[in-house]
Amino acid sequence: MNSLTICSMFLGLILISQSPFAANATLLDLGGGGGVPLVSLLCDGSSNKVECSKVLSSPQTAQAKNWTELSKAVAEIAIKKAVEGEAFLKGLAQKSKSQVLDTCANSYSSLVVTFKFCWDFADGDPHTVSYDCVTAGDLLARCDGKVNPDVTAFNRQTKFLYGLLYETITQLPNYLTGNQG
């Protein structure tokens, strides 16, 4: 090889190592060389791998370096979905004057607060966070199949996000350490 080829290869390696795709810090080194992206680990355990990969395709989730960062990224997605749901349900409740829709809208208002709590304390005590995130499931249950297919579909999507968020929290290091004693 001539010096130009070696120089080109060296420059190429430097550029590749700086690429967000090749040197992706989201890899979880499981001790076997290489590693697995955290989103892949999460989605592999999901009931709907395709939907999970689609929902978690944001740069925030792809760049998460650890479970805490991924928990926060999933919480942010869940917060946005809950805010969207709150507005959607409040609009429907106003139009229809339905008490059931009004209750669902209020549940989504509480859900926004709960998901924000999960985000705020993802790097705190995971047992407290996991308890609060479990209560999010109770809030979502208030809207299950009680209104119309659009609300049911929206609620199903939010429940899916809630499940992903809860799974990330159960992977937090403090959560795992606290459950092994």
Side-chain angles (χ1 to χ4, degrees), residues 26 37-64 66-172 174-176 179:
T26 66
L38 293 175
V39 170
S40 293
L41 287 173
L42 181 61
C43 290
D44 283 348
S46 171
S47 60
N48 187 338
K49 294 176 186 178
V50 173
E51 183 67 16
C52 180
S53 295
K54 182 177 139 189
V55 167
L56 300 182
S57 64
S58 74
Q60 290 171 286
T61 57
Q63 294 172 2
N66 54 50
W67 288 108
T68 301
E69 289 181 10
L70 186 58
S71 292
K72 287 186 172 205
V74 173
E76 286 179 21
I77 295 167
I79 290 165
K80 287 177 186 172
K81 189 70 169 176
V83 167
E84 182 184 327
E86 179 184 13
F88 169 65
L89 290 164
K90 282 183 178 181
L92 285 177
Q94 277 184 332
K95 286 179 189 172
S96 68
K97 307 287 188 226
S98 166
Q99 183 61 37
V100 173
L101 281 171
D102 198 41
T103 301
C104 283
N106 289 336
S107 293
Y108 268 77
S109 295
S110 298
L111 193 60
V112 171
V113 173
T114 300
F115 285 158
K116 283 181 179 178
F117 182 81
C118 293
W119 186 91
D120 285 340
F121 293 98
D123 49 5
D125 177 14
H127 294 288
T128 302
V129 173
S130 67
Y131 173 78
D132 288 311
C133 288
V134 166
T135 64
D138 297 337
L139 293 168
L140 287 165
R142 295 178 187 168
C143 297
D144 274 348
K146 296 179 181 168
V147 187
N148 67 41
D150 291 336
V151 173
T152 301
F154 194 91
N155 204 49
R156 188 177 308 118
Q157 293 169 357
T158 308
K159 276 178 137 179
F160 186 73
L161 276 170
Y162 151 71
L164 294 176
L165 177 59
Y166 186 77
E167 283 301 314
T168 62
I169 288 168
T170 63
Q171 297 301 317
L172 294 172
N174 292 342
Y175 186 90
L176 296 173
N179 281 333

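Computation of the quantities below employed the complete heavy-atom set of this structure, encompassing side-chain atoms and omitting hydrogens, waters and symmetry-equivalent molecules. Numbers here are sequence positions counted from 1.
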Is the shortest side-chain heavy-atom distance between [X] and [Y] below 4.5 Å?
X      : Y      : result
Ser107 : Leu140 : no
Phe115 : Leu161 : no
Lys80  : Val83  : no
Lys81  : Ile77  : no
Glu51  : Lys54  : yes
Tyr162 : Thr114 : no

Kindly confirm or rule out a cation-pi arrangement of Lys159 over Phe154, judged by NZ or CZ under 6.0 Å from the six-membered ring centre and within 45° of its axis?
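No - Lys159 does not lie over the ring of Phe154 by the 6.0 Å and 45° rule.
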Supply the atom-to-atom distance [X] [atom1] to [Y] [atom2], rounded to the nearest 0.5 angstrom.
X      : Y     : atom1 : atom2 : answer
Asp150 : Leu89 : CG    : CG    : 10.5 Å
Glu84  : Phe88 : CD    : CZ    : 9.0 Å
Gln171 : Leu41 : CD    : CG    : 8.0 Å

Can you tell me if [X] uses its side chain to pair, donor with acceptor, with the backbone of [Y] under 3.5 Å?
X     : Y     : value
Ser53 : Val50 : no
Thr61 : Leu56 : yes
Ser46 : Leu42 : no
Asp44 : Lys49 : no
Lys97 : Gln94 : yes

Ion pair check, Glu86 and Lys90, cut-off under 4.0 Å
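Salt bridge: yes.
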